[in-house]
Engineer: 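Attaching a single structure in structure tokens format; questions to follow.
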Amino acid sequence: MPELPEVEYTARQLRASVIGATMSDAQVFWERTIGYPDIAQFLTQIKGRRIEGVRRRGKFLLVDLSGEYFLSIHRRMSGNFLLLPMGWQIDTSTRENDPARWSVKGPIFYNEQAELPVSADSGKVSVMAPIAPATISLSATTHCRVCFSLHDGRTLLFTDPRKFGRIELWAKSQEDEAFAFMGPEPLGPLFTPISLTEALTRRKTPIKTTLLDQEVVAGLGNIYADEALFDAQIHPLRPANTLNHDEIQRLHASIIAVLQLGIEHGGTSFNDYRDIWGEEGSNFDHMRVYQRTNRPCLTCATPIERITVAQRSTHYCPICQPTHQKQFIQV
DNA sequence: ATTTAGACCTGTCAGC
DNA sequence: TGCTGACAGGTCTAAA
């Protein structure tokens with residue numbers, strides 16, 4: 001699922017394309033996606049509200065709405081937003097009971113290369129969209145859980161194969177309380193080597209586990225935690241409170257570096273993640289340890305190892321990321 | 001007090 | 001081909 005870079009990239013894309021649009025209607029195809037309030041209230045409250053801003057807090061996407069409300073969206077493992085151009089809509093008519101096979105329908109456009117009309121079943125064929133800055137991949141439209149209609153004729157789909165994602169509508173006055181548990185934004189001014197030191201000194205859990213804790217730092221997930229630890233040359237099983245000054249300095253810089261690279265590459269796609277035009281991010285091509293088990297380390301050619309830490313698969317180089325003990329013996 | 005299974009879900013891929 | 005098991009960007013709850 002999306003981690004900080006994927007959510008940030010989506011927030012930037014939406015900010016550039018839907019600010020000022022008004023929500024005219026919404027359809028909910030999987031009720032548990034709406035976490036608060038209940039469906040009836042959610043649908044009533046959302047109608048007629050203007051989108052005034054799009055922000056991110058940790059892995060939450062926040063859509064500011066007129067009347068001092070905001071949508072709080074957590075995509076969990078497989079949630080995505082897809083923005084359909086004017087005139088395009090989700091088509092549930094042919095296979096009502098199988099959201100996995102729903103598609104989008106719209107004005108007929110022609111595939112740039114093949115010059116063939118695009119049909120609802122064409123799957124991975126890309127179509128030239130009338131007002132989108134990129135093409136839209138039809139394959140990304142499956143598993144639609146919530147469909148927002150905008151007054152200007154565009155449609156914003158929330159797709160989520162695994163159904164873990166949640167969308168909530170809250171008054172803005174509730175925001176501070178709702179996010180009080182979360183640690184500092186890693187790309188913001190409050191995340192410093194000192195604040196990281198304070199967060200780590202009290203914890204003896206493995207550093208990998210600690211980095212996944214949203215109270216320590218907001219927005220890190222399994223991909224970027226592994227990548228940051230490799231970049232900082234720290235073994236994932238090192239107890240958090242045993243990192244020395246230099247290691248914390250490195251880790252702080254590495255967290256920022258891998259997240260910024262992820263954003264620059266449009267996020268990491270190895271399965272579900274897509275941007276709002278249905279395109280994959282390219283950051284998977286820049287992974288150094290994640291999902292590279294048994295492949296050579298890009299620094300020392302040693303095969304990357306995979307272990308389980310806190311029930312999450314964890315990838316590291318046994319030479320570049322020595323345990324404390326090994327480091328001690330080598331010296 | 002912390003670890004750690006289990007739940008929530010569907011899809012994909014490797015191996016038989 | 002079809003079945004089975006492992007695994008996938010997350011987080012919460014309950015049992016050990």
Side-chain angles (χ1 to χ4, degrees), chain A residues 1-11 29-36 56-61 72-81 95 97-102 123-124 139-145 158-168 178-179 181-183 186 202-228 237 239-241 255 258-259 261-263 265-275 280-287 289-294 306-315:
Chain A
M1 152 343 153
E3 302 178 32
L4 185 152
E6 291 75 34
V7 182
E8 177 64 27
Y9 195 71
T10 300
F29 299 106
W30 182 254
E31 299 205 345
R32 296 188 64 169
T33 299
I34 306 301
Y36 183 87
R56 178 193 58 75
R57 177 75 174 99
K59 298 171 191 171
F60 288 85
L61 182 73
S72 165
I73 298 126
H74 199 304
R75 292 148 70 181
R76 296 286 178 89
M77 292 294 263
S78 62
N80 271 316
F81 277 102
R95 295 185 183 86
N97 297 320
D98 191 1
R101 295 179 179 280
W102 289 350
K124 289 178 178 165
S139 61
T141 67
T142 58
H143 301 91
C144 181
R145 305 306 177 199
F158 180 71
T159 64
D160 186 20
R162 295 182 70 178
K163 301 178 175 174
F164 294 160
R166 294 291 178 266
I167 299 178
E168 301 183 348
F179 297 115
F181 74 96
M182 254 197 286
R202 287 178 291 106
R203 301 173 191 253
K204 56 185 185 188
T205 52
I207 185 64
K208 168 68 185 286
T209 311
T210 312
L211 290 181
L212 294 177
D213 187 339
Q214 302 296 296
E215 289 183 42
V216 172
V217 53
L220 275 186
N222 210 33
I223 293 179
Y224 296 96
D226 279 5
E227 292 296 314
L237 287 178
N241 59 6
I255 288 171
V258 299
L259 292 175
L261 264 182
I263 296 170
H265 294 140
T268 304
S269 304
F270 67 85
N271 197 353
D272 291 321
Y273 168 73
R274 297 292 185 279
D275 72 10
E280 296 185 6
S282 69
N283 200 50
F284 191 67
D285 300 334
H286 300 270
M287 294 288 103
V289 286
Y290 185 76
Q291 293 278 307
R292 294 193 70 248
T293 310
N294 291 330
R306 176 184 176 278
I307 57 176
T308 299
V309 181
Q311 283 113 271
R312 312 300 305 278
S313 72
T314 297
H315 315 74

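In what follows, chains carry the letters A, B, and so on, assigned in the order in which the sequence lines appear, proteins first and then strands, with residues in each chain numbered from 1.
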Engineer: From CZ of Phe29(A) over to P of dT10(B), roughly how many Å is that when rounded to an integer?
Structural biologist: 16 Å
Engineer: Between dA5(B) and dA6(C), how many Å separate the two P atoms, rounded to a whole number?
Structural biologist: 15 Å
Engineer: What integer distance in Å separates Asp272(A):CG from dG10(C):C1'?
Structural biologist: 13 Å
Engineer: In whole angstroms, how far is the C1' atom of dT2(B) from the CZ atom of Arg202(A)?
Structural biologist: 14 Å
Engineer: Taking atom C1' of dG10(C) as reference, at what distance in whole Å does atom CG of Leu211(A) sit?
Structural biologist: 16 Å
Engineer: How does DNA chain B read in dot-bracket, base by base from 5' to 3', with Watson-Crick or G-U pairs under 3.5 Å and | used when the partner is on another strand?
Structural biologist: .|||||||.|||||||
Engineer: Please report, rounded to the nearest Å, how far the C1' atom of dT2(B) is from the NZ atom of Lys208(A).
Structural biologist: 18 Å
Engineer: Rounded to the nearest angstrom, tell me the gap between atom CG in Asn80(A) and atom C1' in dG10(C).
Structural biologist: 14 Å
Engineer: Counting only side-chain N and O atoms of His143(A), is one of them less than 4.0 Å from OP1 or OP2 of dG11(B)?
Structural biologist: yes
Engineer: What orientation do His286(A) and His265(A) show, parallel under 30°, tilted 30 to 60°, or perpendicular over 60°?
Structural biologist: parallel
Engineer: Counting the atoms with a prime plus P, OP1 and OP2 as sugar-phosphate, which does Asn271(A) contact under 4.0 Å by heavy atoms, base, sugar-phosphate, or nothing?
Structural biologist: base
Engineer: Answer with base, sugar-phosphate or nothing: what part of the nucleic acid does Phe270(A) contact at a heavy-atom distance below 4.0 Å?
Structural biologist: base
Engineer: Ignoring backbone atoms, establish whether Arg162(A) has a side-chain N or O less than 4.0 Å from OP1 or OP2 of dA7(B).
Structural biologist: no
Engineer: What's the CG-P distance between Leu61(A) and dG10(C), to the nearest Å?
Structural biologist: 16 Å
Engineer: Taking NZ, NE, NH1 and NH2 as the nitrogens, is one of them in Arg203(A) or Asp213(A) under 4.0 Å from a carboxylate oxygen of the other?
Structural biologist: yes
Engineer: Base, sugar-phosphate, or nothing for Asp160(A), non-hydrogen atoms under 4.0 angstrom?
Structural biologist: nothing
Engineer: Any side-chain N or O of Thr209(A) under 4.0 Å from OP1/OP2 of dT3(B)?
Structural biologist: no
Engineer: Return a single string for nucleotides 11-16 of chain C, one symbol per nucleotide in 5' to 3' order, where B is base contact, S is sugar-phosphate-only contact and - is none, cutoff 4.0 angstrom on heavy atoms.
Structural biologist: S-----
Engineer: Working note: Arg75(A) + Asp160(A), criterion salt bridge (Lys or Arg N to Asp or Glu O under 4.0 Å); need CA distance, chi angles, decisive distance, verdict.
Structural biologist: CA-CA 8 Å; Arg75(A) 292 148 70 181; Asp160(A) 186 20; over 6 Å; no
Engineer: Of the options dT3(B), dA8(C), dC8(B), whose atoms approach the side-chain atoms of Lys204(A) most closely?
Structural biologist: dT3(B)
Engineer: Does Arg306(A) reach a base, just sugar-phosphate, or nothing at all? Heavy atoms under 4.0 Å.
Structural biologist: sugar-phosphate
Engineer: Show the nearest heavy-atom pair for residues Pro99(A) and Arg145(A), with the distance to one decimal.
Structural biologist: CB-NH1, 3.8 Å
Engineer: Taking 4.0 Å as the cut-off, does a side-chain nitrogen or oxygen of Lys163(A) come that near to OP1 or OP2 on dC8(B)?
Structural biologist: no
Engineer: Round to a whole Å and report the spacing from CE of Met182(A) to P of dG10(C).
Structural biologist: 14 Å
Engineer: When the P atoms of dC9(B) and dC7(C) are compared, how many Å lie between them, rounded to an integer?
Structural biologist: 22 Å
Engineer: Can any side-chain N or O of Glu280(A) pair as donor or acceptor with the backbone N or O of Asp275(A) at less than 3.5 Å?
Structural biologist: no
